[in-house]
Amino acid sequence: MAKAKKYQRYDHYLLRGKLCHNGFERWRYAFVGASKTTGEERAFFVELYLVNPAVSPKEPVLAQKSRLSFSEADLQYALAGTVSAENAGAELAVQPSYALVKAGVFGADGKQLNAFFAASKLSWHKNEAEFVVSNCTFGADRITGAVRVAPSEIRERPELLCSSGVMDWALRYEKVISSAPLYKKNGTVWIAGGAKAMFAGVVHIDGVEYVVSPRKSSGYIDRSWGGSLNSPSLHISSSNLTSLITGKSLASSCFAISGEFEGALRLYVNLEGDELCIHKKSPFDRFTEIHDCSPMPPDADGEKLHWTVSVHRKRLVIDVDIFCKTAEMFVRDYEAPEGERKLLKVLGGGTGFGEIRIYKKRGKDLELLEHAHVADALCEYGQVEVVGA
């Protein structure tokens, strides 16, 4: 908890300087809840995505919405069949500018709901130490809010890039384990402020109530900001670990991996209080890592994606293998700050499972420090694409 307070200033950060005109900020909360009636567990997420707030502070601008660049006079020439008609189909390149609340649920029949607001609607309430946009609150120890998207909105506004439905949430949380900034360079930052977090409260989605209990919530919180989105983008995190050596739950352990940053991942592992960070704080902090995300041949469980990460640093080796059923994943879209119809398309899920192994090098041999089963893993892979290209 002391470390969580140490890095509390990052919780209060909001885009400034040139990032207000060409930059993004993303807050993410992930947790698990159980159906009040059936006990079925589902993985949920709530996010705040702020992009280019100074470009259009009073009105949300979605770059995916078509905007023809010709004027009224051009239109008249086009109707008359003049040469100006050649440019009549041209589109005006715009930068996105808004505050987006994105919320949803992973797993079979998963969905995401998007609510866009003018950037100026996002305000900081100092006395309560919380950010507020419309009916959504992002505080130091709680998040509350609701998002509703009607089927008619999806038909009329495909640029919303989401499903239809309704979700509301009222949750308290505690950051149990917090990392230092794992990447911090040239205005770009990633910090797993709640690499292990406990959530408590309720979530309703399409009329079904889910109860979130602290010890079963598998909570995770992070924040990132910068001038451009990572591409390719990879993320794996979990705080639900069970030792395959002792058979006991590793209640004070977690890990978070993200990137690519300058072509490499950054990694944070907390093994029962022992921190293992791979973040290259100086030129002398050298490590090697390889990573991949690839489809697996279908088996009895259906199709799956396989994330692999192997890190070697001095006398430390960390290997991670995570699987997630493709039927329990879907694509989330994030407009790039530069616009130009660029979307970071992230295929992700919250039901990943697999293993993590941690070794210590002793000469030419490896000593196994921990071999743990991983559950409730948040796992993602994405790339920036130009829509319509």
Side-chain donor-acceptor pair present, [X], [Y], cut-off under 3.5 Å:
{"X": "Trp307", "Y": "Asp321", "answer": "no"}
{"X": "Glu272", "Y": "Ser253", "answer": "yes"}
{"X": "Ser123", "Y": "His125", "answer": "yes"}
{"X": "His21", "Y": "Asn52", "answer": "no"}
{"X": "Glu338", "Y": "Asn22", "answer": "no"}
{"X": "His235", "Y": "Ser233", "answer": "no"}
{"X": "Glu370", "Y": "Ser243", "answer": "yes"}
{"X": "Lys121", "Y": "Tyr98", "answer": "no"}

Would you say the rings of [Y] and [X] are close, in the sense that their centroids are separated by under 6.0 Å?
{"X": "Tyr13", "Y": "Trp225", "value": "yes"}
{"X": "Phe255", "Y": "Tyr268", "value": "no"}
{"X": "Phe31", "Y": "Tyr220", "value": "no"}
{"X": "Tyr183", "Y": "Phe261", "value": "yes"}
{"X": "Tyr210", "Y": "Phe44", "value": "yes"}
{"X": "Trp27", "Y": "Phe131", "value": "yes"}

Answer yes when [X] and [Y] have at least one side-chain N-carboxylate O distance shorter than 4.0 Å, and no when they do not.
{"X": "Arg357", "Y": "Glu355", "result": "yes"}
{"X": "Glu130", "Y": "Arg142", "result": "yes"}
{"X": "Asp168", "Y": "Arg148", "result": "no"}
{"X": "Glu47", "Y": "Arg26", "result": "yes"}
{"X": "Glu367", "Y": "Lys360", "result": "no"}
{"X": "Glu289", "Y": "Arg313", "result": "no"}
{"X": "Asp11", "Y": "Lys175", "result": "yes"}

Closer than 3.5 angstrom, by distance alone: can the side chain of [X] be matched with the main-chain N or O of [Y] as a donor-acceptor pair?
{"X": "Ser178", "Y": "Gly193", "answer": "yes"}
{"X": "Thr326", "Y": "Lys304", "answer": "no"}
{"X": "Ser218", "Y": "Ser239", "answer": "no"}
{"X": "Asn230", "Y": "Pro232", "answer": "no"}
{"X": "Ser238", "Y": "Ala375", "answer": "yes"}
{"X": "Thr242", "Y": "His373", "answer": "no"}
{"X": "Arg223", "Y": "Ala192", "answer": "no"}
{"X": "Asp376", "Y": "Gly352", "answer": "no"}
{"X": "Asn270", "Y": "Gly273", "answer": "yes"}
{"X": "Ser213", "Y": "Lys216", "answer": "no"}

- Would you check, one step at a time, whether the test salt bridge (charged side-chain N to carboxylate O under 4.0 Å, His left out) holds for Arg42 with Glu328? CA-CA 10 Å; Arg42 301 293 301 270; Glu328 297 181 350; over 6 Å; no
Does any part of the side chain of [Y], heavy atoms only, come nearer than 4.5 Å to the side chain of [X], both counted from C-beta?
{"X": "Leu122", "Y": "Leu48", "value": "yes"}
{"X": "Phe45", "Y": "Val105", "value": "no"}
{"X": "Phe287", "Y": "His312", "value": "no"}
{"X": "Ile205", "Y": "Lys111", "value": "yes"}
{"X": "Leu316", "Y": "Ile358", "value": "yes"}
{"X": "Glu275", "Y": "Val269", "value": "no"}
{"X": "Val32", "Y": "Val212", "value": "no"}
{"X": "Lys342", "Y": "Glu335", "value": "no"}

- Between Arg266 and Ile257, is a side chain to side chain contact (heavy atoms under 4.5 Å, CB included) present by the stated rule, with each step listed? CA-CA 6 Å; Arg266 297 296 186 266; Ile257 305 170; over 6 Å; no
If I compare all heavy atoms of [X] with all of [Y], which pair ends up nearest, and what's the gap?
{"X": "Thr144", "Y": "Ala170", "value": "CG2-CA, 4.0 Å"}
{"X": "Gly187", "Y": "Leu19", "value": "O-CD1, 3.7 Å"}
{"X": "Gly349", "Y": "Cys324", "value": "CA-SG, 4.3 Å"}
{"X": "Pro57", "Y": "Ala118", "value": "O-CB, 3.5 Å"}
{"X": "Ala30", "Y": "Leu378", "value": "CB-CD2, 4.2 Å"}

- Task: Count the heavy atoms of every other residue, nucleotide or ligand shown that sit under 6.0 Å from CG of Asp109, and state whether that count exceeds 12.
- Result: no
- Taking everything shown except Lys185 itself, do over 12 heavy atoms lie less than 6.0 Å from its NZ? no
- Item | Value rounded to 0.5 Å, distance of OG in Ser249 from CG in Asn240 |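 Here the rounded value is 7.0 Å.
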- Message: To the nearest 0.5 Å, what is the distance between CD1 on Ile318 and CG on Leu267?
- Response: 5.0 Å
- Would you check, one step at a time, whether the test side chain to side chain contact (heavy atoms under 4.5 Å, CB included) holds for Val101 with Phe117? CA-CA 8 Å; Val101 176; Phe117 305 96; 3.9 Å; yes
- Item | Stepwise side chain to side chain contact (heavy atoms under 4.5 Å, CB included) test for Leu368 and Ile245 | CA-CA 10 Å; Leu368 182 64; Ile245 298 175; 4.2 Å; yes
- Item | Derivation of the side chain to side chain donor-acceptor pair (under 3.5 Å) call for Asp319 and Ser310 | CA-CA 4 Å; Asp319 290 332; Ser310 183; 2.6 Å; yes
- Task: May I ask whether Met296 and Val309 are part of the same hydrophobic cluster, defined by side-chain heavy atoms of I, L, V, M, F, W, Y residues being less than 4.5 angstrom apart, directly or through others?
- Result: no
- Shared hydrophobic cluster, Leu50 / Val133 (ILVMFWY, side-chain heavy atoms < 4.5 Å): yes
- Task: Please list, chain by chain and in numerical order, all residues satisfying ring-ring contact (aromatic ring centres under 6.0 Å, His included) with Tyr359, sequence neighbours excluded.
- Result: none
- Item | Derivation of the ring pair (Phe, Tyr, Trp, His ring centres under 6.0 Å) call for Phe106 and Phe330 | CA-CA 8 Å; Phe106 292 115; Phe330 56 81; 5.5 Å; yes
- Message: Evaluate Cys293 against Leu305 for side chain to side chain contact (heavy atoms under 4.5 Å, CB included), listing each step before the verdict.
- Response: CA-CA 7 Å; Cys293 178; Leu305 284 187; 4.1 Å; yes
